[in-house]
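Read through the structure below, which is laid out as structure tokens, and then see the notes.
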Amino acid sequence: MRVLISGAGIAGPALAFWLHRAGAEVTVVEQAPQPRPGGQAVDIRGAARTVVERMGLMPAVRAHRVDERGVALVDARGRRLAAMPADAFGGEGIVAEIEIARGDLSRILLETTAATAGYRFGDRISALHPDGRVTFAGGGTERFDVVVGADGVHSGVRALAFGPEQEFVRPVGGYGALFTVPDPGDLGGWFEMYNAPGGRVAGIRPERVGTAKAMLTFRSRTRYDRLGRADVQRLVTERLTGAGWRVPALLAAMPAADDFHFDSIDRVHVGRWARGRVVLLGDAGYCGSPLAGLGTSMSLVGAYVLAGELATAADPETAFTAYQAEMAAYVAEGTRLPPGGMAAFAPRSQAAIRLRALSMRSMSRWPMRQLLARQFGKAEAITLPTYPALAAGRPG
């Protein structure tokens, strides 16, 4: 089986790993000219831990994990209003027991699959043909048995095979900027988060090597498309100026960051994840937005299940149907927003901000604990199948 995967972030290389075990010939095409560094800390929760363990990569993941003590909500003076330690809810709370920088996890997966999959950076799919031929923007046409869109919320493969982005991407009502800053030295291992009136949220979380990740978020229903970096940073500065806390220092550090990323906060819903020879994986097909907090885990679990079904079924169409059936309930849980959604995450009024702090302080007590246990327990909402074709020790 010849498989083409679009996207070399996390979902794509994870799928390449499992498909190699199943004996497939795998090519991964990535529009970026090289692997993308940086990115926010991502968590590996529930069933995804089992997937990483079956890959044999848990020692590498743990060696590079971010050692965070938990998340703390603070006021404008930096005083702690509420906190949730990383071991709350069995290590499945707001900050999980296993947190790792997105760039580190991607690098581990890329290094693991570098010798077994053909990677093409700086290229993309420009056309898909019904007979399995794929035309590349860089030139040339090849035939594949399966094409996988693992290229994120703004998936190019989904646009080619399923239709325009607006049919599947649902804005949550906000924008976020992420970038690396020097570690201020006083975080103590805590991810600090601050709410300012007007639906603004700022955060800073420690990394491993003297740096920290800044997060600046604001609520908006306006669509900001095709803005250059300078325009985006002016927009972020305009929206966050006057917010208080550490925000002036974070804004001052923003222009120098070499990993600055800005995007809308979106959900993705595609009714059927396959069309013909094309199938979607991870954020390209199902995404609950960063507020839902299970994107990386769903990508890792989805890669395992999709590869297992492709290795087991008589034909791709049967495999795609089984893949969706196995993942449906898990994805439904994983894409469900927490109570209150964007309005609860980024309250507009000072009264609502005080209520958010009160709610967070109540998370460890009944009845709030019972309500949140279901939210945090969704990472386990799947029983992973065992696929003999993907067993360790099989030659690729």
Stepwise, does the side-chain contact (heavy atoms from CB on, under 4.5 Å) test hold for L105 with V61? CA-CA 7 Å; L105 179 57; V61 167; 4.2 Å; yes

What about [X] and [Y], same hydrophobic cluster or not, with Ile/Leu/Val/Met/Phe/Trp/Tyr joined at side-chain heavy-atom distances under 4.5 Å?
X	Y	result
L240	M193	no
M215	L187	no
L390	V301	yes
W190	I100	no
L160	V169	yes

Does the [X] side chain pair with the main chain of [Y], one donor and one acceptor, at a distance under 3.5 Å?
X	Y	value
R133	P130	no
R275	F162	yes
S289	L291	yes
R219	A346	yes
Y387	Y304	no
S155	D151	no
E309	A322	no
Q324	W273	yes
R158	L280	no
D75	R79	yes

Answer yes or no: is there a side-chain heavy-atom contact under 4.5 Å between [X] and [Y]?
X	Y	result
R267	L337	yes
V147	S6	no
V305	Y330	no
T112	P13	no
L281	M327	no
R200	V247	no
L310	F320	yes
V236	Y175	no

Quick one: [atom1] on [X] to [atom2] on [Y], what's the gap to the nearest 0.5 Å?
X	Y	atom1	atom2	answer
R2	L19	CZ	CG	13.5 Å
M298	D283	CE	CG	7.0 Å
T217	F262	OG1	CZ	9.5 Å
Q233	M254	CD	CE	4.5 Å
I125	E142	CD1	CD	10.5 Å
H261	R102	NE2	CZ	9.0 Å

For the pair Y224 and F218, name the ring-plane relationship: parallel under 30°, tilted 30 to 60°, perpendicular over 60°.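 The rings of Y224 and F218 stand perpendicular, inter-plane angle above 60°.
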
Do the charged groups of [X] and [Y] touch, with an N to O distance under 4.0 Å?
X	Y	result
R246	D186	yes
R107	E111	yes
R45	E333	no

Steps toward side-chain contact (heavy atoms from CB on, under 4.5 Å) verdict (V146, M1): CA-CA 8 Å; V146 172; M1 181 184 296; 4.2 Å; yes

Determine the minimum heavy-atom distance between [X] and [Y], stating which atoms define it.
X	Y	value
L250	G203	CD1-O, 4.1 Å
V66	E207	CG1-CA, 4.2 Å
A177	F260	CB-CE1, 3.8 Å
I204	A212	CG1-CB, 3.7 Å
A202	L216	CB-CD2, 3.8 Å
S264	H154	OG-CE1, 4.5 Å

Would you find more than 12 non-hydrogen atoms of other residues, nucleotides or ligands less than 6.0 Å from [X] atom [atom1]?
X	atom1	answer
R223	CZ	yes
Q350	CD	yes
Q31	CD	no

Stepwise, does the side-chain contact (heavy atoms from CB on, under 4.5 Å) test hold for L109 with F17? CA-CA 8 Å; L109 292 167; F17 174 94; 5.7 Å; no

D259 and its salt bridge (charged side-chain N to carboxylate O under 4.0 Å, His left out) partner, picked from R229, R36, K213: K213

From CA spacing to verdict: side-chain contact (heavy atoms from CB on, under 4.5 Å), T116, V26: CA-CA 8 Å; T116 57; V26 183; over 6 Å; no

